[in-house]
Number of protein chains: 2
Amino acid sequence: MGRTSTAKEKLLDVAFKLIWDQSYGSVSVDDICQQAEVKKGSFYHFFESKAELAIAAYEEHWRVKQPEMDRIFSSQTPPLERLATWAQFIYEVQKLKAAEHGHVCGCPYGSIGSEVATHDDKIRLKCEEMLGRTLRYLECAISEAKRDGVVDCPCPKAAANQVSSFVMGAMVQAKIQNDVEVLKNLGPTILSIIGEKKSAVAVTT
Amino acid sequence: MGRTSTAKEKLLDVAFKLIWDQSYGSVSVDDICQQAEVKKGSFYHFFESKAELAIAAYEEHWRVKQPEMDRIFSSQTPPLERLATWAQFIYEVQKLKAAEHGHVCGCPYGSIGSEVATHDDKIRLKCEEMLGRTLRYLECAISEAKRDGVVDCPCPKAAANQVSSFVMGAMVQAKIQNDVEVLKNLGPTILSIIGEKKSAVAVTT
DNA sequence: ATAGTAGTTGACTAGTCGGTCAAGTTGATT
DNA sequence: AATCAACTTGACCGACTAGTCAACTACTAT
């Protein structure tokens, strides 16, 4: 019944990209509509506010991204290798994004979360949820590494939090310094945070 | 010559606080003027733009904060103790701020930097500078720890970057989860990042 | 064929934004 | 006491903000 439309999908896609490339506050509904080639009236046919669009856009982005995360954190891969692949993946994505836009874009969740956490609780909660999903991958990998005895770590959940903090902070730093190379070698530090056994691993810039 | 005024100082102080509590984009010049009890005309007598005010406000904040940093990172204190005190200091400041405003405010430099880095290069550079100043304290402490042989770390500068990333990321995470307790025990993780020798230190939530 | 609904359109609010300015006031210097 | 620079004031600007709405159109299910 009624006509069909791709406007909603275009809006979700454009909104996520623009907010990631710039920021939530500096991207206007008009900007999003223009880039998506959708009139503002249509925007408000699909979404009841800018905040609701942002939340939907981030949820949609996760839906698309999840299979890749499942692949990276596959049980078929040794747990420490998962973490290394994830670190490398982050670097590659940021490098691509930076080349495309002329500046480092940072973590999409961390950026919007840090920006609006103090004055938009709904968006803050969505970010918290996304963060939680990532933490689950990390915790799972770390506790398996512990079970395998390749890691010396009293609490995998706490370790997952620390790893997540470190990686998110590195992305903030890369964004502020506008230098993607900050993210080049996150792997070894991640390992030293979770207390890998083995021999010493070189920690370089 | 001419009359004197405290308007400039009030504007710097109020601006820093409001931007820290909220965000750069969501705080208007009118907000700042109202809170500082200064008319907008006077604002533009002292500052040529909102961005210039922000930069000046951050510089002024550092000027006030530096003596405390000098004290924390005093050469009179053993290097690893400096780091522990710094970590504790961050927790205390954030706890106070959170109690005052009802939400975790996060790192003032990281928040504004992450928000505007992609569309205001002047502010981005100021944040980069502030970050650099902090890194100098860290690098100095870490290289002294290395010299004292209490730490096993190939490159103090890289280690300082990693520590800074971890702490900044923890502040982002605390802000997004609106939970200051995330910052309660940064010390042990900092030590494991820089490769402290000693026996194992409990890493808890 | 047509009814009915999903989607489109553009003109429209009402408020806010950063920023300007000319005229007025104050107070330290002479 | 007079001067003049430093500071204050409030009205004002045009651009932009998120959001509204009634009229219109196209498509799908019958």
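Numbers restart at 1 for each chain; the letters A, B, ... are given by sequence-line order, proteins then strands.
- Under the salt bridge (Lys or Arg N to Asp or Glu O under 4.0 Å) criterion, B:K40 pairs with B:D30, sequence neighbours left out.
- Each salt bridge (Lys or Arg N to Asp or Glu O under 4.0 Å) pair with one or both residues in residues 95-104 of chain B, not counting sequence neighbours, appears once here: B:D21-B:K97.
- Put simply, the side chain of B:Y109 never gets that close to the backbone of B:E129: no donor and acceptor are under 3.5 Å apart.
- Counting only residues at least two apart or on different chains, no salt bridge (Lys or Arg N to Asp or Glu O under 4.0 Å) pair has a member in residues 159-173 of chain A.
- Remark: B:E37 pairs with no residue by the salt bridge (Lys or Arg N to Asp or Glu O under 4.0 Å) rule, at least two apart or across chains.
- B:Y91 pairs by the ring-ring contact (aromatic ring centres under 6.0 Å, His included) definition with nothing, not counting sequence neighbours.
- Residues of residues 117-126 of chain A that place a heavy atom closer than 4.0 Å to DNA chain C do not occur.
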Original post:
Could you write nucleotides 17-30 of chain C as a row of B, S and -, 5' to 3', where a protein heavy atom under 4.0 Å of any base atom gives B, of only sugar-phosphate atoms gives S, and otherwise -?
Top reply: SBBBB--BBBBSS-

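- A heavy atom lying under 4.0 Å from DNA chain C marks none of the residues of residues 7-21 of chain B.
- Sorted by first and then second residue, the ring pair (Phe, Tyr, Trp, His ring centres under 6.0 Å) pairs with a member in residues 111-137 of chain A read A:F73-A:Y137; sequence neighbours excluded.
- The footprint of chain B on DNA chain D, defined by a heavy-atom cutoff below 4.0 Å, extends from D:dA5 to D:dG10.
- For the pair A:R124 (side chain) and B:I176 (backbone), a donor-acceptor distance under 3.5 Å is present.
- Residue-environment remark: NZ (B:K122) stays at or below the threshold of 12 foreign heavy atoms within 6.0 Å.
- Side-chain atoms of A:S164 and B:Q173 form a donor-acceptor pair, as typed in the model, at a separation below 3.5 Å.
- Among residues two or more places apart in sequence or in another chain, the salt bridge (Lys or Arg N to Asp or Glu O under 4.0 Å) test is passed with A:R147 by A:E144.
- Partners of A:K17 according to the salt bridge (Lys or Arg N to Asp or Glu O under 4.0 Å) rule, which considers only residues two or more places apart in sequence or in another chain, are A:D13.
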